[in-house]
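Since the model is a prediction, treat every value here as computed from it, not as a measurement.
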Amino acid sequence: FSNLEGGKTYWVKELEAPRGFLLSDAVFKRNIDSDEPIEYILYNDDFYVSIQGHKIDENEVGIGGAEIGIFIKESDDLSYYVKNNALYVATTSDDGYFKFDSLARGTYIIKELSPPLGYKLNNIRYEIIVANKDDITVNTIEADGSVVDSRRYTTPAKIASIDIKIENKPVIVTGTKVDLNKDPLA
């Protein structure tokens with residue numbers, strides 16, 4: 001700070017912590033009576049969140065091969081959340097699991113980018129709000145923007161882990177079998 005008026009008392013407090021760190025609650029009180037520089041050192045604790053997801057079918061069986069993206073929330077417009085804008089992209093394992101590690105404080109969106117072969121794309125997105133190490137909210141948001149579920153998690157751990165499930169419906173192909181003359185087969 002510069003140009004502070006001498007002979008007055010000032011308080012210094014951190015208003016916003018760096019990304020991935022907890023806000024310091026330290027407050028420094030100082031009477032300014034000279035032009036000498038004053039140095040304050042603030043220490044911030046870091047914390048991270050891991051989010052594990054499970055890609056499942058309608059029978060809750062894990063499905064491999066889906067691409068899942070995590071994004072720093074930039075927009076409510078679903079068209080923003082494409083692979084090129086993703087912070088990270090994970091492909092679900094054979095049993096349907098994926099994980100994003102080392103996420104700091106912030107608001108994230110998790111969305112399926114590419115469904116497994118034979119399944120429809122799931123357009124539900126999950127808004128993950130990491131407010132603090134013990135204050136994490138997961139909102140389930142439909143394609144039209146409506147919130148259909150909201151869950152708040154509290155954990156005293158330095159590394160929190162949140163689980164979400166993303167369900168997929170199979171693609172159902174219907175039609176009529178025909179012979180070479182395009183006559184229906186019995």
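Within the 4.5 Å cutoff, the side chain of Val12 has no heavy atoms near those of the Val27 side chain. In this structure the side chain of Val147 never reaches within 4.5 angstrom of the side chain of Thr140, judged on heavy atoms. Residues Thr107 and Val130 are not in side-chain contact: their nearest non-hydrogen atoms beyond the backbone lie 4.5 Å or more apart. Side-chain contact between Tyr80 and Asn85 is present, with heavy atoms from C-beta onward closer than 4.5 Å. Under the 4.5 Å side-chain criterion, counting only non-hydrogen atoms from C-beta, Ser150 is in contact with Thr137.
Across every non-hydrogen atom of Asn31 and Gly7, the tightest pair is OD1-C, 3.7 Å.
Here Leu87 contributes atom CG and Ile70 contributes atom CD1; the two are 6.5 Å apart, rounded to the nearest 0.5 Å. Taking CG of Leu78 as the reference point, atom CZ of Arg125 lies at 5.0 Å (rounded to 0.5 Å). The distance from the CZ atom of Phe71 to the CD1 atom of Ile109 is 9.0 Å, given to the nearest 0.5 Å. Note that OH of Tyr81 and NZ of Lys111 are 11.0 Å apart. Values are rounded to the nearest 0.5 Å. The distance from atom CG of Asn123 to atom CG of Asp144, rounded to the nearest 0.5 Å, is 11.0 Å. Here the OH atom belonging to Tyr88 is positioned 8.0 Å from the OH atom belonging to Tyr108, to the nearest 0.5 angstrom.
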**OP:** Begin with the C-alpha distance, continue with both residues' side-chain angles, and end with the deciding distance and a verdict on side-chain contact (heavy atoms from CB on, under 4.5 Å) for Ile141 and Tyr126.
**Re:** CA-CA 6 Å; Ile141 304 171; Tyr126 300 86; over 6 Å; no
**OP:** Given side-chain contact (heavy atoms from CB on, under 4.5 Å), test Phe100 with Ile110 step by step and report yes or no.
**Re:** CA-CA 10 Å; Phe100 298 108; Ile110 293 178; 4.2 Å; yes
Report, one line per pair, each donor and acceptor closer than 3.5 Å where one atom sits in a side chain of residues 58-68; sequence neighbours left out.
residue : atom : partner : partner atom : Å
Glu60   : OE1  : Lys165  : NZ           : 3.3
Glu67   : OE1  : Lys83   : NZ           : 3.4
Glu67   : OE2  : Lys83   : NZ           : 3.0

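Residues passing the salt bridge (Lys or Arg N to Asp or Glu O under 4.0 Å) test with Asp57, sequence neighbours excluded: none. For Tyr97, the ring pair (Phe, Tyr, Trp, His ring centres under 6.0 Å) criterion is met by His54, not counting sequence neighbours. In this view, Asp101 and Lys99 satisfy the salt bridge (Lys or Arg N to Asp or Glu O under 4.0 Å) rule, not counting sequence neighbours. Considering only residues two or more places apart in sequence or on other chains, Lys73 meets the salt bridge (Lys or Arg N to Asp or Glu O under 4.0 Å) condition with Asp76, Glu127. Tyr119 is linked by a ring pair (Phe, Tyr, Trp, His ring centres under 6.0 Å) to nothing, counting only residues two or more places apart in sequence or in another chain.
In summary, of the residues considered (Ile129, Asp149, Val148), a side chain to side chain contact (heavy atoms under 4.5 Å, CB included) with Asn139 occurs for Ile129 alone.
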